[in-house]
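In what follows, a structure is listed as C-alpha coordinates, so that the remarks can point back to it.
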Amino acid sequence: DKGNHRHFMEKEIYEQPEVISHALSHYINFIDHRALTVSDGIDFAKVPSLAISACGTAYLAGLIGKYWFERYARLPVEIDVASEFRYREIPLSPQSAALFISQSGETADTLASLRYCKDHGLKIGAVVNTRESTIARESDAVFPILAGPEIGVASTKAFTCQLAVLAALAVSAGRARGTVSEQEEAALVKSLAEMPRLMGQVLNSIQPKIEFLSRELSKCRDVLYLGRGTSFPLAMEGALKLKEISYIHAEGYAAGELKHGPIALIDENMPVIVIAPHDRFFDKTVSNMQEVAARGGRIILITDERGAAASKLDTMHTIVLPNVDEIIAPMIFALPVQLLAYHTAVFMGTDVDQPRNLAKSVTVE
Ligand code: M6R
(Lines give C-alpha, C1' and ligand atoms only; values in the text may rest on other atoms or scores of the structure.)
Protein backbone atom coordinates (compact mmCIF):
# COMPACT_ATOMS: atom_id res chain seq x y z
CA ASP A 1 0.00 0.00 0.00
CA LYS A 2 1.46 3.34 -1.08
CA GLY A 3 -0.68 5.39 1.30
CA ASN A 4 -0.88 8.98 0.02
CA HIS A 5 2.21 8.56 -2.09
CA ARG A 6 2.50 8.24 -5.86
CA HIS A 7 5.21 5.61 -5.68
CA PHE A 8 6.64 3.18 -3.16
CA MET A 9 9.93 5.00 -3.52
CA GLU A 10 8.39 8.25 -2.30
CA LYS A 11 6.66 6.47 0.55
CA GLU A 12 9.92 4.80 1.55
CA ILE A 13 11.81 8.11 1.47
CA TYR A 14 9.25 9.68 3.80
CA GLU A 15 9.24 6.67 6.11
CA GLN A 16 12.88 7.18 7.00
CA PRO A 17 12.53 9.13 10.27
CA GLU A 18 10.30 6.40 11.65
CA VAL A 19 12.25 3.36 10.49
CA ILE A 20 15.60 4.86 11.50
CA SER A 21 14.27 5.54 14.95
CA HIS A 22 13.11 1.93 15.18
CA ALA A 23 16.45 0.62 13.89
CA LEU A 24 18.44 2.79 16.29
CA SER A 25 16.44 1.62 19.28
CA HIS A 26 17.95 -1.81 18.64
CA TYR A 27 21.53 -0.53 18.71
CA ILE A 28 21.65 2.36 21.16
CA ASN A 29 20.30 3.15 24.57
CA PHE A 30 18.53 6.49 24.17
CA ILE A 31 18.37 7.08 27.92
CA ASP A 32 21.96 6.76 29.07
CA HIS A 33 23.45 7.41 25.62
CA ARG A 34 25.37 4.19 25.21
CA ALA A 35 25.94 2.12 22.07
CA LEU A 36 24.74 -1.39 22.81
CA THR A 37 26.98 -4.39 22.33
CA VAL A 38 24.70 -6.40 20.10
CA SER A 39 26.94 -9.17 18.85
CA ASP A 40 28.22 -12.25 20.58
CA GLY A 41 29.29 -13.72 17.23
CA ILE A 42 32.04 -11.16 16.57
CA ASP A 43 34.43 -9.73 19.15
CA PHE A 44 35.17 -6.28 17.75
CA ALA A 45 37.63 -5.63 20.60
CA LYS A 46 39.92 -8.38 19.32
CA VAL A 47 39.70 -8.44 15.53
CA PRO A 48 42.77 -6.96 13.79
CA SER A 49 40.84 -5.86 10.72
CA LEU A 50 37.50 -5.97 9.01
CA ALA A 51 36.56 -6.98 5.47
CA ILE A 52 33.35 -5.51 4.03
CA SER A 53 31.66 -6.49 0.81
CA ALA A 54 28.32 -5.75 -0.85
CA CYS A 55 26.80 -4.60 -4.15
CA GLY A 56 25.28 -1.35 -5.40
CA THR A 57 23.81 0.90 -2.76
CA ALA A 58 24.69 -1.55 0.02
CA TYR A 59 28.34 -1.32 -1.09
CA LEU A 60 28.20 2.47 -0.89
CA ALA A 61 26.79 2.21 2.63
CA GLY A 62 29.74 -0.07 3.43
CA LEU A 63 32.15 2.49 2.05
CA ILE A 64 30.79 5.10 4.47
CA GLY A 65 31.00 2.44 7.20
CA LYS A 66 34.70 2.05 6.39
CA TYR A 67 35.30 5.73 7.23
CA TRP A 68 33.55 5.21 10.57
CA PHE A 69 35.24 1.94 11.59
CA GLU A 70 38.63 3.39 10.75
CA ARG A 71 38.02 6.69 12.45
CA TYR A 72 36.14 5.65 15.58
CA ALA A 73 37.34 2.07 16.14
CA ARG A 74 40.80 2.42 14.52
CA LEU A 75 39.96 -0.80 12.71
CA PRO A 76 41.51 -1.18 9.24
CA VAL A 77 38.84 -2.01 6.66
CA GLU A 78 39.24 -3.80 3.33
CA ILE A 79 36.19 -3.20 1.14
CA ASP A 80 35.21 -4.03 -2.39
CA VAL A 81 32.16 -4.68 -4.52
CA ALA A 82 31.24 -8.32 -4.09
CA SER A 83 31.70 -9.24 -7.76
CA GLU A 84 35.39 -8.27 -7.45
CA PHE A 85 35.91 -9.29 -3.83
CA ARG A 86 34.94 -12.91 -4.50
CA TYR A 87 37.51 -13.39 -7.26
CA ARG A 88 40.40 -11.21 -6.10
CA GLU A 89 42.08 -13.92 -4.05
CA ILE A 90 42.46 -11.46 -1.18
CA PRO A 91 44.82 -12.71 1.51
CA LEU A 92 42.66 -12.74 4.65
CA SER A 93 43.55 -13.48 8.24
CA PRO A 94 41.30 -15.97 10.05
CA GLN A 95 41.45 -13.69 13.11
CA SER A 96 39.59 -11.00 11.15
CA ALA A 97 35.89 -10.51 10.79
CA ALA A 98 33.87 -9.80 7.65
CA LEU A 99 30.65 -7.84 7.20
CA PHE A 100 28.24 -8.37 4.32
CA ILE A 101 25.61 -5.74 3.70
CA SER A 102 22.47 -6.64 1.79
CA GLN A 103 18.89 -5.44 1.85
CA SER A 104 17.55 -8.67 0.37
CA GLY A 105 20.10 -11.01 1.91
CA GLU A 106 20.05 -12.99 -1.34
CA THR A 107 22.47 -11.15 -3.67
CA ALA A 108 24.53 -13.85 -5.40
CA ASP A 109 27.91 -12.10 -5.46
CA THR A 110 27.58 -10.95 -1.84
CA LEU A 111 26.75 -14.49 -0.77
CA ALA A 112 29.73 -15.85 -2.71
CA SER A 113 32.03 -13.32 -0.97
CA LEU A 114 30.61 -14.40 2.36
CA ARG A 115 31.38 -18.05 1.60
CA TYR A 116 34.91 -17.11 0.50
CA CYS A 117 35.51 -15.45 3.89
CA LYS A 118 33.93 -18.34 5.74
CA ASP A 119 36.25 -20.77 3.97
CA HIS A 120 39.16 -18.63 5.19
CA GLY A 121 37.99 -18.93 8.78
CA LEU A 122 36.74 -15.36 9.34
CA LYS A 123 33.85 -14.58 11.64
CA ILE A 124 30.91 -13.45 9.52
CA GLY A 125 28.49 -10.64 10.25
CA ALA A 126 25.43 -9.78 8.13
CA VAL A 127 23.84 -6.34 7.97
CA VAL A 128 20.53 -7.33 6.37
CA ASN A 129 16.95 -6.22 6.06
CA THR A 130 15.53 -9.68 5.47
CA ARG A 131 16.32 -11.76 8.51
CA GLU A 132 15.08 -14.99 6.97
CA SER A 133 17.58 -14.76 4.11
CA THR A 134 20.45 -16.96 3.00
CA ILE A 135 23.06 -14.35 3.94
CA ALA A 136 21.58 -14.02 7.44
CA ARG A 137 21.38 -17.79 7.84
CA GLU A 138 25.01 -18.35 6.92
CA SER A 139 26.37 -15.67 9.28
CA ASP A 140 27.72 -15.88 12.82
CA ALA A 141 26.17 -12.55 13.81
CA VAL A 142 23.13 -10.87 12.24
CA PHE A 143 22.65 -7.11 12.46
CA PRO A 144 19.12 -6.43 11.24
CA ILE A 145 18.50 -2.98 9.78
CA LEU A 146 14.77 -3.13 10.60
CA ALA A 147 13.73 -0.93 7.66
CA GLY A 148 10.57 -2.93 6.93
CA PRO A 149 9.79 -4.17 3.41
CA GLU A 150 11.41 -2.08 0.67
CA ILE A 151 9.42 -2.35 -2.56
CA GLY A 152 10.96 0.36 -4.78
CA VAL A 153 13.83 -1.10 -6.80
CA ALA A 154 15.88 2.00 -5.94
CA SER A 155 17.05 1.53 -2.40
CA THR A 156 16.36 4.45 -0.05
CA LYS A 157 15.31 3.60 3.48
CA ALA A 158 17.45 0.44 3.46
CA PHE A 159 20.48 2.64 2.67
CA THR A 160 19.98 5.04 5.58
CA CYS A 161 19.10 2.20 7.97
CA GLN A 162 22.26 0.35 6.89
CA LEU A 163 24.17 3.55 7.66
CA ALA A 164 22.52 3.99 11.05
CA VAL A 165 23.41 0.41 12.02
CA LEU A 166 27.00 0.74 10.75
CA ALA A 167 27.45 4.01 12.66
CA ALA A 168 26.18 2.46 15.89
CA LEU A 169 28.38 -0.62 15.36
CA ALA A 170 31.46 1.54 14.72
CA VAL A 171 30.85 3.50 17.94
CA SER A 172 30.27 0.31 19.90
CA ALA A 173 33.45 -1.21 18.39
CA GLY A 174 35.32 1.98 19.33
CA ARG A 175 34.21 1.63 22.93
CA ALA A 176 35.21 -2.04 22.99
CA ARG A 177 38.64 -1.20 21.56
CA GLY A 178 39.20 1.78 23.85
CA THR A 179 39.43 4.24 20.96
CA VAL A 180 36.20 6.06 21.87
CA SER A 181 35.95 7.45 25.42
CA GLU A 182 32.77 7.29 27.44
CA GLN A 183 32.20 11.01 26.83
CA GLU A 184 32.77 10.66 23.12
CA GLU A 185 30.40 7.72 23.02
CA ALA A 186 27.71 9.75 24.79
CA ALA A 187 28.14 12.64 22.34
CA LEU A 188 28.05 10.38 19.28
CA VAL A 189 25.01 8.50 20.53
CA LYS A 190 23.21 11.77 21.30
CA SER A 191 23.84 12.83 17.70
CA LEU A 192 22.44 9.55 16.41
CA ALA A 193 19.40 9.93 18.63
CA GLU A 194 18.73 13.37 17.13
CA MET A 195 18.61 11.97 13.63
CA PRO A 196 14.94 10.97 13.25
CA ARG A 197 13.76 14.45 14.29
CA LEU A 198 16.20 16.19 11.95
CA MET A 199 15.23 13.92 9.08
CA GLY A 200 11.59 14.82 9.62
CA GLN A 201 12.47 18.51 9.64
CA VAL A 202 14.38 18.19 6.36
CA LEU A 203 11.68 16.15 4.64
CA ASN A 204 9.06 18.71 5.65
CA SER A 205 10.94 21.67 4.28
CA ILE A 206 12.93 20.91 1.13
CA GLN A 207 10.31 19.64 -1.30
CA PRO A 208 9.59 22.92 -3.21
CA LYS A 209 13.27 23.58 -3.82
CA ILE A 210 13.88 19.97 -4.86
CA GLU A 211 11.01 20.01 -7.33
CA PHE A 212 12.29 23.20 -8.89
CA LEU A 213 15.82 21.81 -9.29
CA SER A 214 14.59 18.43 -10.50
CA ARG A 215 12.76 20.11 -13.37
CA GLU A 216 16.13 21.56 -14.42
CA LEU A 217 17.95 18.24 -14.00
CA SER A 218 15.37 16.42 -16.09
CA LYS A 219 16.59 18.43 -19.11
CA CYS A 220 20.21 17.35 -18.71
CA ARG A 221 22.11 14.54 -20.32
CA ASP A 222 24.89 14.23 -17.76
CA VAL A 223 25.28 15.16 -14.11
CA LEU A 224 28.39 15.12 -11.92
CA TYR A 225 28.25 14.62 -8.13
CA LEU A 226 31.20 15.61 -5.93
CA GLY A 227 32.01 15.11 -2.26
CA ARG A 228 34.87 14.50 0.17
CA GLY A 229 35.08 12.18 3.17
CA THR A 230 31.81 10.35 3.76
CA SER A 231 30.21 12.70 1.22
CA PHE A 232 32.25 10.96 -1.49
CA PRO A 233 30.38 7.62 -1.27
CA LEU A 234 27.20 9.67 -0.95
CA ALA A 235 28.08 11.43 -4.22
CA MET A 236 28.36 8.00 -5.85
CA GLU A 237 25.04 6.99 -4.32
CA GLY A 238 23.43 10.15 -5.72
CA ALA A 239 24.74 9.31 -9.16
CA LEU A 240 23.59 5.69 -8.90
CA LYS A 241 20.11 6.73 -7.81
CA LEU A 242 19.75 9.26 -10.63
CA LYS A 243 21.00 6.78 -13.25
CA GLU A 244 18.80 3.94 -12.21
CA ILE A 245 15.47 5.74 -12.13
CA SER A 246 15.82 8.72 -14.49
CA TYR A 247 18.27 7.10 -16.98
CA ILE A 248 20.33 10.31 -16.95
CA HIS A 249 24.04 9.61 -17.08
CA ALA A 250 25.65 10.56 -13.78
CA GLU A 251 29.02 10.09 -12.10
CA GLY A 252 30.05 10.46 -8.48
CA TYR A 253 33.62 11.59 -7.84
CA ALA A 254 35.84 12.44 -4.91
CA ALA A 255 36.02 16.25 -5.17
CA GLY A 256 39.81 16.08 -5.02
CA GLU A 257 39.86 13.91 -8.15
CA LEU A 258 38.17 16.62 -10.22
CA LYS A 259 41.39 18.03 -11.60
CA HIS A 260 42.65 14.54 -12.47
CA GLY A 261 40.20 14.13 -15.32
CA PRO A 262 36.52 14.92 -14.93
CA ILE A 263 37.12 18.68 -14.98
CA ALA A 264 37.54 18.29 -18.76
CA LEU A 265 33.80 17.61 -18.97
CA ILE A 266 32.70 20.81 -17.25
CA ASP A 267 30.59 23.19 -19.30
CA GLU A 268 27.29 25.00 -18.89
CA ASN A 269 25.36 21.89 -19.91
CA MET A 270 26.54 19.64 -17.12
CA PRO A 271 25.28 20.49 -13.64
CA VAL A 272 27.64 19.67 -10.79
CA ILE A 273 25.98 18.64 -7.56
CA VAL A 274 28.34 19.33 -4.66
CA ILE A 275 27.63 17.60 -1.36
CA ALA A 276 29.39 19.65 1.28
CA PRO A 277 28.38 19.80 4.92
CA HIS A 278 30.40 22.37 6.87
CA ASP A 279 32.91 19.78 8.09
CA ARG A 280 36.72 19.66 8.12
CA PHE A 281 36.73 19.23 4.32
CA PHE A 282 34.47 22.15 3.55
CA ASP A 283 37.09 24.69 2.46
CA LYS A 284 38.76 22.19 0.18
CA THR A 285 35.46 21.31 -1.46
CA VAL A 286 34.67 25.01 -1.92
CA SER A 287 37.93 25.46 -3.78
CA ASN A 288 36.96 22.57 -6.07
CA MET A 289 33.65 24.34 -6.60
CA GLN A 290 35.51 27.49 -7.59
CA GLU A 291 37.33 25.47 -10.24
CA VAL A 292 33.98 24.35 -11.61
CA ALA A 293 32.51 27.86 -11.53
CA ALA A 294 35.59 29.29 -13.31
CA ARG A 295 34.87 26.95 -16.23
CA GLY A 296 31.26 27.96 -16.58
CA GLY A 297 29.92 24.92 -14.72
CA ARG A 298 26.54 25.24 -13.03
CA ILE A 299 26.62 24.21 -9.40
CA ILE A 300 23.97 22.83 -7.12
CA LEU A 301 25.43 23.02 -3.63
CA ILE A 302 23.93 20.85 -0.93
CA THR A 303 25.20 22.19 2.37
CA ASP A 304 24.10 23.22 5.84
CA GLU A 305 23.44 26.63 7.39
CA ARG A 306 27.07 27.18 8.37
CA GLY A 307 28.23 26.12 4.92
CA ALA A 308 25.74 28.40 3.20
CA ALA A 309 26.96 31.35 5.25
CA ALA A 310 30.62 30.53 4.63
CA SER A 311 30.52 29.95 0.87
CA LYS A 312 30.21 33.21 -0.95
CA LEU A 313 30.22 31.53 -4.33
CA ASP A 314 27.87 32.44 -7.09
CA THR A 315 26.42 28.98 -7.19
CA MET A 316 23.49 28.14 -9.37
CA HIS A 317 21.45 26.94 -6.42
CA THR A 318 21.94 26.01 -2.81
CA ILE A 319 19.98 23.47 -0.84
CA VAL A 320 20.41 24.41 2.80
CA LEU A 321 20.00 21.77 5.50
CA PRO A 322 20.15 22.28 9.26
CA ASN A 323 23.59 22.10 10.93
CA VAL A 324 24.15 18.52 12.02
CA ASP A 325 26.94 16.61 13.77
CA GLU A 326 29.42 14.92 11.48
CA ILE A 327 28.39 11.33 12.23
CA ILE A 328 24.80 11.83 11.06
CA ALA A 329 25.54 14.04 8.07
CA PRO A 330 25.52 11.15 5.53
CA MET A 331 22.01 10.11 6.52
CA ILE A 332 20.66 13.67 6.57
CA PHE A 333 22.34 14.60 3.29
CA ALA A 334 21.03 11.38 1.71
CA LEU A 335 17.52 12.86 1.82
CA PRO A 336 17.94 15.66 -0.76
CA VAL A 337 20.06 13.30 -2.85
CA GLN A 338 17.25 10.71 -2.94
CA LEU A 339 14.55 13.30 -3.52
CA LEU A 340 16.42 14.92 -6.41
CA ALA A 341 16.61 11.57 -8.18
CA TYR A 342 12.99 10.79 -7.39
CA HIS A 343 11.49 14.06 -8.63
CA THR A 344 13.71 14.13 -11.70
CA ALA A 345 12.43 10.67 -12.63
CA VAL A 346 8.84 11.77 -11.98
CA PHE A 347 9.28 14.75 -14.33
CA MET A 348 10.68 12.43 -16.96
CA GLY A 349 7.78 10.03 -16.58
CA THR A 350 9.84 6.89 -16.02
CA ASP A 351 8.63 3.84 -14.15
CA VAL A 352 10.10 4.93 -10.83
CA ASP A 353 9.41 1.82 -8.76
CA GLN A 354 10.32 -0.64 -11.51
CA PRO A 355 13.02 0.97 -13.64
CA ARG A 356 13.85 -0.78 -16.89
CA ASN A 357 16.37 -3.63 -16.87
CA LEU A 358 16.62 -3.75 -13.08
CA ALA A 359 15.50 -6.31 -10.50
CA LYS A 360 15.03 -5.74 -6.79
CA SER A 361 17.05 -8.77 -5.89
CA VAL A 362 19.96 -9.96 -8.04
CA THR A 363 20.31 -13.68 -7.40
CA VAL A 364 22.54 -14.47 -10.39
CA GLU A 365 26.09 -13.24 -10.76
O1 M6R B 1 19.64 -6.66 -1.78
P2 M6R B 1 20.99 -6.01 -1.84
O3 M6R B 1 21.15 -4.92 -0.85
O4 M6R B 1 22.12 -7.02 -1.70
O5 M6R B 1 21.09 -5.38 -3.28
C6 M6R B 1 22.29 -4.78 -3.71
C7 M6R B 1 22.07 -3.96 -4.96
O8 M6R B 1 21.56 -4.78 -5.99
C9 M6R B 1 21.12 -2.79 -4.72
O10 M6R B 1 21.55 -1.95 -3.69
C11 M6R B 1 20.96 -1.95 -6.01
O12 M6R B 1 22.16 -1.30 -6.30
C13 M6R B 1 19.80 -0.97 -5.84
N14 M6R B 1 18.93 -1.03 -6.98
C15 M6R B 1 20.25 0.44 -5.64
O16 M6R B 1 19.21 1.34 -5.57
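Small disclaimer: the values here were computed from a predicted structure and weren't measured. Start at 1 and go down the list; that is how both ligands and their atoms are numbered.
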task = Run through ligand 1 for me and note each protein residue having a heavy atom under 4.0 Å from it, chain first, then residue number.
result = C55, G56, T57, A58, S102, Q103, S104, T107, V153, A154, S155, K241, E244
Salt bridge (Lys or Arg N to Asp or Glu O under 4.0 Å) contacts touching residues 92-112 (sequence neighbours left out) = R86-D109
message = I need the full list of salt bridge (Lys or Arg N to Asp or Glu O under 4.0 Å) pairs touching residues 339-356, with sequence neighbours left out, sorted by first then second residue.
response = none
ask   = Heavy-atom count around R197 CZ within 6.0 Å, excluding the residue itself: above 12?
value = yes
request  = Could I get the full list of ring-ring contact (aromatic ring centres under 6.0 Å, His included) partners for F282, not counting sequence neighbours?
outcome  = H278
query = So, E184 and R175, do they make that salt bridge, N to O below 4.0 Å?
reply = no
request  = Taking only Lys NZ, Arg NE, NH1 and NH2, and the carboxylate oxygens of Asp or Glu, determine whether E251 and K243 approach each other closer than 4.0 Å.
outcome  = no
